Amino acid sequence: MPAEREPEPNAAADQEPAPSRQPRVGAALKTVLRQREIITVAIIIVTAFVFHLLTMSSEPGRWPSVFVQTSNLKSMLAPLAMTAIVAVGMLLVLICGGFDLSVGAVVALAGLVAGLTVKATGGNLFLTFAAGISVGVIVGLINGIVVTKFSVNPLIATLGMMSVARGLALAYVQKYGVVSGFPRNFLDFAWETHIWIKGGAIVLIAIAIAALGDVLLRNSRWLRQLYYIGGNQDAARLSGINVNLVRASTYVVCGALAALVGVFYAARYSEASAEAGVGMELQVIAACVIGGASLAGGQGTALGAVLGCTLMSIISNGLQTWGVKPAWQQVALGVVLIVAVTIDMFIARRRSAR
Amino acid sequence: MTSNTSERDPILVVDGASKSFGGVRALRSVSFSALPGEIHALVGENGAGKSTLMKILAGNITADQGSITFEGRTVQFSHPRDAQAAGIAIVHQELSLAPNMSIAENVFVGREPTIRLLGFVNRRELYQRTTAALDQLGLRLDPWTKVSDIDVAMRQMVEIARAISFDCRVLILDEPTSALADQEIEALFAVLRRLAERGVAIIYISHKLNEVFALADRVTVLRDGQWVGSKLVSETDPDEVIRMMVGRNLEQLFPAKGSARVPEPILEVRGLSRGKAFTDVSFDLHPGEIVGLAGLVGAGRTEVARAIFGADPITGGTIKLEGRPARIANPQQAIERGVLYLPEDRKLHGLFPDMSIRANIVAATLGDHSKVGMLLPSAQQATTDRMVERLDIKVANTSASVSSLSGGNQQKAMFGKWLAATVKVFLVDEPTRGIDVSAKAEVHALLRDLADQGVAILLVSSELPEVIGASDRVLVMHEGQIAGEVSGAEMTEENIMRLATGQTRGTHTHARGA
């Protein structure tokens, strides 16, 4: 890239930057390459190829490797879809400069409420989803109000909410036990084969949410406001953006999406326990950051968040098929996160130094 | 004192110093020298480069070009420590003392005499050395007194005590009298003269010419970052120095005053109050006029503008817009009614630094650039192109981040954000801060152009030449209240300063009282 900036020796005399004249195709290519997502895609391909090599059978000619077997790849998709949906919600909060630690607990609480509803209504899926999602909406609303109206630091507010939601789920389970024995149609929803994948419904939903999120984040008036708020909250307010309302709405959407995943989680594992979604908040934040979001706000795309989730699930699946113990998988994922963020900081600093 | 200045060798010589910040050239090839034992005043308007030159001497920043020679050796200060160690001490405009510590601890902060081995502070030596430093200034103060217990004038003296405790050869003071009363200023001058007699070179930065002529031996004038001239005080007079400071005709910098004022006011502010920030502020604003709002820092000017815009809640008073009572509770409501506010700090409150120029320009008008909730890229680009052309923003690519622009162009982009909206009342707060002279002239022309189109403009500014040159009349605030209004031939720096410092209320009371 620096090579293209050379022909401007006379611009130094002028105070203003001279308009750059470069071939159109080159410029277009440069724009594509500069997209943060391209880097993530490249890393995903390289990582996948590495795991393919690592898990190849020692017998010659026995292709494909364990990692690239269709059954293995398919098995990754539903869990990936679940994290991706939560990641899109988290991304909205992150772009606004916020943070939501309560998503994992919402998964558990919403799953529990949905489990109870589906049993009580004898399998009314509409009411089940409505009840589950409303748990997320309520938690998100409380988060949003506490963070905006009462100016509580998002980290503290959602940490508290995480404890409250998880505690409520735990209290129920300790008293009445894990909720299970769901009606057939609820379980079918999570396991039916769509697009050749067992439990493909959630994959389809995730694709729809990610695509919609990506388009809206790029073009809709409401979601573009997130970038302004994340970029400079004071300036956004003085530009007439209703900062509190927009910020609060991100917590509501984030909670609702986490709750949607919670309902599916209960159906997929045939029970609603208090341990569902433990640690999911950090996993999802890590995925968003790997995909280009910034904890300082103002940055990130839904596509990037999904790619971040993909990379993380490839790494944990790849390590698993290679025979690495879960504890070491966690270590590896932590290293990946730190390396990714460090590289990002490095790039950002070089860009701002120009 | 002035008799033999020309025979001594200078202790400090700055040769051809230049410095740019972003696209703004704060200092252009400035040369300057100080002789031992002389009091050398450095004067110039805001933005003339005084503070930049001083920061270079103090090692806070390094010059892009040029050299500094100190006591005959070429030096390069990359850190304030280096300058201090060499013997250049500086007393800043904002006092930098730790209020909860004693005078002695403040004077020797970071280099307290210690008892060997253990590293404990040697309190007796600290006491003695502080007393010695205070004695040199003719001050009787207990070194263990807390700084928060002494008044501002004494704190200034403690700063100077700190400076001379370094055994400094050059003492730089930046606007040291802005917080002092007359007799305190006299005491300060006496101390400075005593130091000069002992051979210390004193560089005295000020824009108060009466002080310069009462104190200094020599005066150097900077303007727009350039050296204009150095004169012996005994061989010049205030008029000449003012001419050197201003240097250009005011007409060049400011467009002709307008005549588009409409008799009916568009904005009527009555008894507006906001806690302790300001009380009982009343004024009218007519379409087609530019009204200056002057006052010292902290007088409440910005607060008034922000309150009208709905950015801060008011605690009393009413606002009428176009003859009807208007309740403006937040910026959205203000923008809907055509009341816009250009903040004074574009980095903190105005721009979205990491976002594109286009995104910045449409930031306040997203609704106008969307259909059924979706933004229209073509409409955004059209508005951006229109603003780039109208404001003559020097930009290669409107997708580039706004922070890649020079200060003046960033300021224009911030203007563009508001000109994309409907503007009836425009509250502009320090619209030319930190931009160079040509950009300033463009901003003034733009404001006049808007006024001529029927916009009512409230111009908040700390620069008196700007307030006087650009406004049709000037409201002056003092301690949260409107102290008076001046217009026409009464719009002079003296009249405004008199009101701003609370010496009279209203321009005519003074005449009658005398």
Side-chain angles (χ1 to χ4, degrees), chain A residues 4-5 8 11-22 24 27-28 30-31 34-35 95 97 212 215-246 292 294 296-300 348-349 351-354, chain B residues 20 22-25 306 309-311 330-336 340-343 345-355 359-360 362-367 369-377 380 393-397 399-406 408-409 414 417-418 421 436 438:
Chain A
E4 300 216 26
R5 298 180 59 83
E8 41 176 49
D14 198 329
Q15 275 203 28
E16 311 300 343
S20 57
R21 300 187 205 293
Q22 37 186 246
R24 283 199 163 259
K30 233 167 104 174
T31 333
R34 218 183 261 158
Q35 297 291 316
I95 294 173
L212 189 69
V215 169
L216 292 183
L217 274 171
R218 286 177 206 274
N219 294 308
S220 85
R221 181 190 169 192
W222 188 262
L223 292 188
R224 280 313 288 180
Q225 295 182 120
L226 305 186
Y227 293 93
Y228 286 100
I229 295 170
N232 185 344
Q233 189 170 320
D234 286 330
R237 196 169 98 80
L238 293 179
S239 299
I241 291 172
N242 193 336
V243 171
N244 280 356
L245 187 65
V246 175
S294 157
Q299 270 164 27
R349 208 172 303 145
R351 197 168 289 169
S352 67
R354 272 205 317 232
Chain B
S20 297
V24 183
R25 289 160 80 175
R306 282 178 60 100
F309 183 58
N330 55 47
Q332 291 109 277
Q333 294 177 354
I335 294 166
E336 278 164 21
L340 308 181
Y341 169 69
L342 186 90
D345 191 323
R346 62 175 171 267
K347 288 217 173 67
L348 278 182
H349 301 126
L351 294 173
F352 304 91
D354 295 334
M355 298 181 79
N360 272 277
V362 300
T365 44
L366 292 176
H369 293 97
S370 50
K371 225 176 207 168
V372 290
M374 300 299 275
L375 288 166
L376 305 167
Q380 295 182 60
I393 302 174
K394 304 283 192 309
V395 53
N397 176 1
S399 301
S401 83
V402 77
S403 50
S404 68
L405 297 176
S406 72
N409 283 309
M414 197 162 73
K417 177 174 84 178
W418 287 131
D436 57 28
S438 61

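This structure is a prediction, so every number in the text was calculated from the model and none was measured. Just so we're on the same page: letters track the sequence lines, and every chain starts at 1.
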Closest non-hydrogen atom pair between B/Pro353 and A/Gly231, with its separation: CD-O, 4.3 Å
Part of B/Leu351 within contact of chain A (heavy atom distance under 4.5 Å): backbone
Contacting region of B/Leu340 [heavy-atom separation from chain A under 4.5 Å]: neither
Option that, when pairs with chain B are counted at under 4.5 Å, heavy atom only, ranks first among A/Arg224, A/Gln233, A/Arg237, A/Arg218: A/Arg237
Pick from B/Ser403, B/Ser370, B/Ser401, B/Gly367 with the largest number of heavy-atom pairs that fall under 4.5 Å of chain A: B/Gly367
Selection from A/Ile241, A/Asn219, A/Leu216 maximising heavy-atom pairs under 4.5 Å formed with chain B: A/Asn219
Structural part of B/Ala421 lying under 4.5 Å from a heavy atom of chain A: neither
Point-to-point distance, once rounded to the nearest 0.5 Å, from CE of B/Met374 to CG of A/Leu223: 9.0 Å
Flag side-chain contact, heavy atom, 4.5 Å: B/Val362 against A/Tyr228: yes
Partner residues of B/Asn397 under the side-chain contact (heavy atoms from CB on, under 4.5 Å) criterion, sequence neighbours left out: B/Ser399
Approximate separation, where rounding is to 0.5 Å, of B/Met355 CE and A/Gln299 CD: 10.0 Å
Distance-minimising heavy-atom pair for A/Ser239 and B/Trp418: CA-CH2, 3.9 Å
CG on A/Leu238 to NZ on B/Lys417, rounded to 0.5 Å: 7.0 Å
Heavy-atom proximity to chain A below 4.5 Å, by part of B/Ile335: side chain
Side-chain touch A/Asn232/B/His349, heavy atoms, less than 4.5 angstrom: no
